[in-house]
Amino acid sequence: MAPPKKAKKKESASSNVFTMFEQSQIQEFKEAFTIMDQNRDGFIDKNDLRDTFAAVGRLNVGNDELDDMLKEAPGAINFTVFLSMFGEKLKGTDPEETILNAFKMFDPEGTGVLKGDEIKYYLMSQADKFSEAEINQMFTMFPLDVSGNLDYKNLCYVITHGEEKEQD
């Protein structure tokens, strides 16, 4: 009689997560994880989240809100799970070139900028309409220049890479 075969270990879905990001992005996520892991135990827990919110000035975070955040993870949040969660959130993002091409339709001269009032009109009146609050949030994160233009190339870069390009 042959010995029973050992069940193969189920490969974790997060094992491929490191191929989803560039090395520099992984390093930045690691720095963010380290900042959030306030007690330095290698895991982000409710107390770590509470301390992170307090560090940025938000002191009245409720237990329910923290519990909801933790429930988004499949288990304890170590760095690999943390990275997987970001990978899942970013998975639906279109490639930078696709987003750029969408903006270029409104920029036939290829200037890399769009009039703020025009982009606001289009975003609030077409397809998945943005609200006034969403537009204001975008312009807060990506302010118009002195001429009232939006640098859509930088916006696209940040959407797909999560950080601003360093100026040459």
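Numbering starts at 1 and runs along the sequence shown.
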message: Does Phe106, at its CZ atom, have more than 12 non-hydrogen atoms belonging to other residues, nucleotides or ligands within less than 6.0 Å?
response: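 Enclosed: over 12 neighbouring heavy atoms sit under 6.0 Å from CZ of Phe106.
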field: CG on Asn136 to CD on Glu132, rounded to 0.5 Å
entry: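 One finds 5.0 Å between CD of Glu132 and CG of Asn136.
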task: Could you tell me which non-hydrogen atom of Asp107 sits nearest to which non-hydrogen atom of Gly112, and how far apart they are?
output: OD2-N, 2.8 Å
query: Can you tell me if CD on Glu65 sees more than 12 non-hydrogen neighbours from other groups inside 6.0 Å?
result: yes
field: Closest approach of Gln38 to Asp48 (non-hydrogen atoms, all atoms of both residues)
entry: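 That would be N-OD1, 3.1 Å.
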- prompt: Counting N and O atoms only, with roles assigned by atom type, does the side chain of Asp151 sit under 3.5 Å from a partner on the main chain of Val113, one being a donor and the other an acceptor?
  reply: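 Checking the backbone N and O of Val113 against the side chain of Asp151, no donor-acceptor pair under 3.5 Å is found.
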- prompt: Do Leu155 and Met141 share a hydrophobic cluster, counting only Ile, Leu, Val, Met, Phe, Trp and Tyr and linking them when any side-chain heavy atoms are less than 4.5 Å apart?
  reply: yes
field: Separation of Asn63 CG from Lys46 NZ (nearest 0.5 Å)
entry: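 Rounded to the nearest 0.5 Å, the NZ-CG separation comes out at 4.0 Å.
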- request: With rounding to the nearest 0.5 Å, note down the distance linking SG in Cys156 to CD1 in Ile99.
  value: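 Answer rounded to 0.5 Å: 5.5 Å.
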task: Look at the rings of Phe82 and Phe33 and say which category their plane angle falls in: under 30° parallel, 30 to 60° tilted, over 60° perpendicular.
output: perpendicular
- prompt: Are Lys30 and Phe79 in a cation-pi setup, meaning NZ or CZ lies under 6.0 angstrom from the ring centre and within 45 degrees of the ring axis?
  reply: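 Judged by the rule, Lys30 and Phe79 form a cation-pi pair.
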message: If we ignore hydrogens and angles and just use 3.5 Å, is the side chain of Ser147 paired with the main-chain N or O of Asn149 as donor and acceptor?
response: no
message: To the closest 0.5 Å, what do you measure between CG (Leu66) and CZ (Arg50)?
response: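 Going from the CG atom of Leu66 to the CZ atom of Arg50 covers 5.0 Å.
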query: Is the closest side-chain heavy-atom distance between Leu59 and Phe53 below 4.5 Å?
result: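 Side chain of Leu59 against side chain of Phe53, heavy atoms only: no contact under 4.5 Å found.
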- prompt: What's the verdict on side-chain contact (heavy atoms from CB on, under 4.5 Å) for Leu114 and Phe103, showing C-alpha distance, side-chain angles and the deciding distance?
  reply: CA-CA 8 Å; Leu114 298 172; Phe103 279 108; 3.4 Å; yes
task: Specify the closest pair of heavy atoms between Ile44 and Leu70, including all atoms of both residues, with the distance to one decimal.
output: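 Minimum heavy-atom separation between Ile44 and Leu70: O-CD2, 4.1 Å.
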Joint hydrophobic cluster, Leu83 plus Phe43, side-chain heavy atoms closer than 4.5 Å: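 No, it is not one cluster - the side chains of Leu83 and Phe43 are not joined through contacts under 4.5 Å.
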query: Quick one: NZ on Lys115 to OH on Tyr122, what's the gap to the nearest 0.5 Å?
result: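 Lys115 atom NZ to Tyr122 atom OH measures 13.0 Å (nearest 0.5 Å).
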- prompt: How far apart are the closest heavy atoms of Met124 and Phe130, and which atoms are they?
  reply: CG-O, 3.5 Å
query: How long is the span from the NZ atom in Lys129 to the CD1 atom in Ile135, to the nearest 0.5 Å?
result: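 Interatomic distance, Lys129 NZ to Ile135 CD1, rounded to 0.5 Å: 12.5 Å.
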task: Answer yes or no: is there a side-chain heavy-atom contact under 4.5 Å between Thr140 and Gln137?
output: no
Please set out all donor-acceptor pairs under 3.5 angstrom arising from side-chain atoms of residues 71-78, sequence neighbours excluded.
| from | atom 1 | to | atom 2 | distance (Å) |
| --- | --- | --- | --- | --- |
| Glu72 | OE1 | Lys89 | NZ | 3.1 |
| Asn78 | OD1 | Thr80 | N | 3.2 |
| Asn78 | OD1 | Val81 | N | 2.9 |

field: Derivation and outcome, side-chain contact (heavy atoms from CB on, under 4.5 Å), residues Asn101 and Lys104
entry: CA-CA 5 Å; Asn101 287 337; Lys104 284 178 183 176; 3.9 Å; yes
query: Hey, does the side chain of Gln126 reach the backbone of Leu123 with a donor-acceptor pair shorter than 3.5 angstrom?
result: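 No: the side chain of Gln126 does not pair with the backbone of Leu123.
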